[in-house]
**Q** 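Take a look at the following structure, please.
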Amino acid sequence: MVKHETYDPIEAIDNSRPNKTGRVLQFLSVGCSEKVKSELSLVSPELTESFDSSSGGFLFSLQNPFTALVATLTGPEAMARLSGSSGSRLLYTLRATASSSAASSPLHVPRSALALLLLDGHCRRFSSGNVARTKEVNEPWWKESMGRLRNIGISAHIDSGKTTLTERVLFYTGRIHEIHEVRGRDGVGAKMDSMDLEREKGITIQSAATYCTWNGYQINIIDTPGHVDFTIEVERALRVLDGAILVLCSVGGVQSQSITVDRQMRRYEVPRVAFINKLDRMGADPWKVLNQARSKLRHNSAAVQVPIGLEEEFQGLVDLVKMKAYYFRGSNGEKVVSEEIPANMEDFVAEKRRELIEVVSEIDDKLAEAFLSDEPISSIDLEEAIRRTTVAQKFIPVFMGSAFKNKGVQPLLDGVLNYLPCPTEVSNYALDQNNKEEKVTLSGTPDGPLVALAFKLEEGRFGQLTYLRIYEGIIRKGDFIINVNTGKKLKVPRLVRMHSNEMEDIQEAHAGQIVAVFGVDCASGDTFTDGSVRYTMTSMNVPEPVMSLAVSPVSKDSGGQFSKALNRFQKEDPTFRVGLDPESGQTIISGMGELHLDIYVERIRREYKVDATVGKPRVNFRETVTQRADFDYLHKKQTGGQGQYGRVCGYIEPLPAGSANKFEFENMIVGQVIPSGFIPAIEKGFKEAANAGSLIGHPVENIRVCLTDGASHAVDSSELAFKLAAIYAFRQCYSAARPVILEPIMLVELKVPTEFQGTVAGDINKRKGVIVGNDQDGDDSVITAHVPLNNMFGYSTSLRSMTQGKGEFTMEYKEHLPVPQDVQMQLVNSHKASKGTE
């Protein structure tokens, strides 16, 4: 008797989804793949074979132009699935043994022979047992696969170990077969840092997407940068994710960028788990970091793990939910060994488990009931309570480990599956453009109409690569989709799944997945549908640039490549702006900081082979008015033929503090002294005039223009005349409104050894900074200050020299504030001098 592996075909078909692209017949064979392949190849040369990881079998596909073809094989257990455009399905199971005879079964055929059953579309009846079991097929095909999908991002402060953690996740899930470090000696660099610049500098510049499988679940991961200069990468990744891992350094604790990232997670209502990394480092203190997360980030959090030893003695972890100790053996920590909790830790573990239960029961009624009635709380009850509260964003479970030393990554992956939501558990909203942008809740299932958001663009080798998050419906290769923002109808020429900079072609993708398409022209933030609805997804928050540089190509011949590079980077990165200085004619690039702009200048040189000269960094000053000023200007010009005539009267005044708009125009004219057709031209003139104030030529903000009166001429008045009248009127009254210059103020956080605290604080005061906080963190002082950006150029060099290279700082834009009077005079004089020399 020949025994074969058993495999339930009904269960297999429940977990699969029908192929709607055409009549394709598929066999899942467990056991005799070579035999099956040789026999099927006799029937059809168009035979494809793929490994089915869930069953450990091989999936063979036959494309048949006729009605359908079922090949019945003796030997292995075979499952035939037929799905045609009519939607009919055939479930067919054969179990054959060497002792079976042809007479004993009407379905038996001699070994090594094929029985060809031509079906003409009629449903064939099978045994009553199989018919009964097919009732389960009525459940939506996507339910199982959506429940086994997680979309997560990994975000943190600089050098907290995000990319190292992602590298370990990919290794343990089998996506990569060897580990490379971020700044490794082999020079290969981490998988997710695919750009040469990222590998050289040891930092992440672009967010990179990948996917992997863990315990039968598919996880889509986006690894994001930690530098504040690349904050838009974090912003748009969190916009499309269902969950996140906030990585904290066990030595550095909660740092400035950790706070920024956490704020972004709150903005997009992303449920998250925290991972305290680097427990192997000197000075590691996870309990200090946990308390900082509670105080600085206002996290309602508790540890779900306890480390066994710290620093050099860090050996493993105790799971407080399952009450087991885990050790990580093997050259790369791939073997997770479960043991009993060490006897010397039992009291400490019991105390921490009680603390976990107390924190969760405060926000979960079901667990609170069991806790208050002193019932023993099982690991399943606790796990379910943690999941409920995490998905509801009321609780953040804290995991621990050391990604670099390969400890604690596998339990973190289990935590992602257990505690973070699947796409159907997260509420996503769209705005219905056909119904006054009314909020519509998306079902998040593949059954609805297609709704997808383009959240990131990249210039690939084959044209523009657009990253899409599918919120509803199904997208297929060759489908026509509509860009709701532009109204254009586009065809999907190629659909891929990303693995860092590698691609895997796929035929279709459904709701909840993150994919990329080629050859689709769009902008970041555009929404795509199948045409049946006109929904747009809410846009993401884009911070304003804070620094500008003048750039120009060294060689005039490379001007074409230079402008091509700038256009591409501007399309990819919403925080990177390109403008032209109207006075000097120079190209001005603006961004989030020195590093941000340096990286782009370097990328122009490497990717487009264009050497660029860079001018001195220029701060984005602004101008505003501080009091009301009236204007009454008549623009009158008489030449041969039709002249120009336009008179405008009114006043300008500052907008109240905290206004959402930076410029407001109000028409207060009663009657028709100025025909209504000329009012838009007047508004346009004032807006144009506000683009360059008369103090230093920077844009004027926080201003309201009110038009109260005017005059027009029946023949000579025109749009141009009124536009010019508005421009001259603004210039006439601007100086009377006591204008001031606003400069960007940065929130600077410094961490320096205590012995250098006095020197650094003195230097901050010298740079006209205001120290707003000074905390002690072990042997270090953490100084928080507000410093004008204009005084922060080259600060990294001077900080290193003051602190013998031990100090570090981060800064991010806070607000624009008026400059002191002496600085204003200096800026005005230097502006006049530069205009005089031109």
Side-chain angles (χ1 to χ4, degrees), residues 579-585 621-656 659-742 818 824-825 827-829 831-836 838:
L580 201 68
D581 190 329
E583 290 169 7
S584 65
F621 290 106
R622 296 283 181 266
E623 296 181 26
T624 191
V625 296
T626 55
Q627 65 180 35
R628 174 175 158 157
D630 296 322
F631 59 82
D632 181 353
Y633 187 82
L634 171 65
H635 175 67
K636 192 175 177 185
K637 194 175 182 184
Q638 193 61 49
T639 53
Q642 185 183 352
Q644 291 179 10
Y645 185 94
R647 183 183 173 199
V648 288
C649 307
Y651 60 89
I652 61 171
E653 63 180 2
L655 281 169
S659 295
N661 299 328
K662 292 174 181 175
F663 176 90
E664 279 183 18
F665 176 80
E666 204 173 328
N667 178 20
M668 299 170 76
I669 292 177
V670 179
Q672 287 286 317
V673 285
I674 298 177
S676 55
F678 295 137
I679 300 296
I682 295 170
E683 183 179 355
K684 194 176 175 186
F686 278 115
K687 272 187 179 168
E688 206 171 287
N691 279 340
S694 56
L695 289 179
I696 55 170
H698 281 257
V700 182
E701 285 185 352
N702 301 330
I703 187 170
R704 178 193 279 134
V705 179
C706 296
L707 187 66
T708 56
D709 200 2
S712 64
H713 189 277
V715 178
D716 290 352
S717 285
S718 64
E719 285 192 3
L720 176 65
F722 274 108
K723 183 181 164 187
L724 291 169
I727 291 171
Y728 293 129
F730 185 85
R731 290 178 187 169
Q732 178 198 57
C733 70
Y734 186 62
S735 53
R738 286 184 55 198
V740 293
I741 298 169
L742 303 175
Q824 180 157 323
M825 288 303 297
L827 291 167
V828 170
N829 291 337
H831 177 66
K832 283 178 182 170
S834 66
K835 279 184 81 174
E838 286 167 9

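Quick caveat: nothing in here was measured; it's all calculated off a predicted structure.
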**Q** Is any side-chain heavy atom of F663 less than 4.5 Å from a side-chain heavy atom of L655?
**A** no
**Q** Is I741 close to V828 at the side-chain level, that is, under 4.5 Å between some pair of heavy atoms?
**A** yes
**Q** CG/L707 to CD1/I674 distance, rounded to the nearest 0.5 angstrom?
**A** 5.0 Å
**Q** Give every donor-acceptor pair under 3.5 Å between a side-chain atom in residues 708-716 and any protein atom, sequence neighbours left out.
**A**
residue: T708; atom: OG1; partner: C649; partner atom: O; Å: 3.4
residue: S712; atom: OG; partner: V673; partner atom: O; Å: 3.3
residue: H713; atom: ND1; partner: V715; partner atom: N; Å: 3.0
residue: H713; atom: ND1; partner: D716; partner atom: N; Å: 2.9
residue: D716; atom: OD1; partner: G643; partner atom: N; Å: 3.3

**Q** Could you check whether any side-chain heavy atom of V740 comes within less than 4.5 Å of a side-chain heavy atom of Q824, counting everything from C-beta outward?
**A** yes
**Q** Rounded to the nearest 0.5 Å, what separates atom CZ in F621 from atom CG in L695?
**A** 12.0 Å
**Q** Report the distance from atom NZ of K832 to atom CD1 of I696, rounding to the nearest 0.5 Å.
**A**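 Nearest 0.5 Å value for the NZ-CD1 distance: 12.0 Å.
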**Q** Roughly how far apart are I652 CD1 and I703 CD1, rounded to 0.5 Å?
**A**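 Atom-to-atom, I652:CD1 and I703:CD1 are 4.0 Å apart.
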**Q** Among Y728, F631, F678, F730, whose side chain to side chain contact (heavy atoms under 4.5 Å, CB included) with V648 holds?
**A** F631
**Q** Please check if atom CZ in R704 has more than 12 non-hydrogen atoms from other residues, nucleotides or ligands closer than 6.0 Å.
**A** yes
**Q** Does anything in residues 665-694 form a side-chain hydrogen bond (donor to acceptor under 3.5 Å, both in side chains)? List the pairs, not counting sequence neighbours.
**A**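 The answer is E688-K723.
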**Q** Distance from L742 atom CG to E623 atom CD, nearest 0.5 Å?
**A**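 Answer for the CG-CD pair, L742 versus E623, is 8.5 Å.
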**Q** Is R628 salt-bridged to E653, going by a charged N under 4.0 Å from an acidic O?
**A**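 Salt bridge absent between R628 and E653.
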**Q** Please report the shortest heavy-atom distance between G646 and A725, naming the atom on each side.
**A** O-CB, 3.7 Å
**Q** The criterion is ring pair (Phe, Tyr, Trp, His ring centres under 6.0 Å); which residues satisfy it with F665, sequence neighbours excluded?
**A** none
**Q** Rounded to the nearest 0.5 Å, how far does OG1 of T624 lie from NE2 of H698?
**A**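 Those atoms lie 14.5 Å apart.
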**Q** With respect to Q644, which candidate in H635, K636, K637 satisfies the side chain to side chain donor-acceptor pair (under 3.5 Å) definition?
**A**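 Exactly one pass, corresponding to H635.
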**Q** Hey, does V700 have a side-chain heavy atom less than 4.5 Å from the side chain of K662?
**A** no
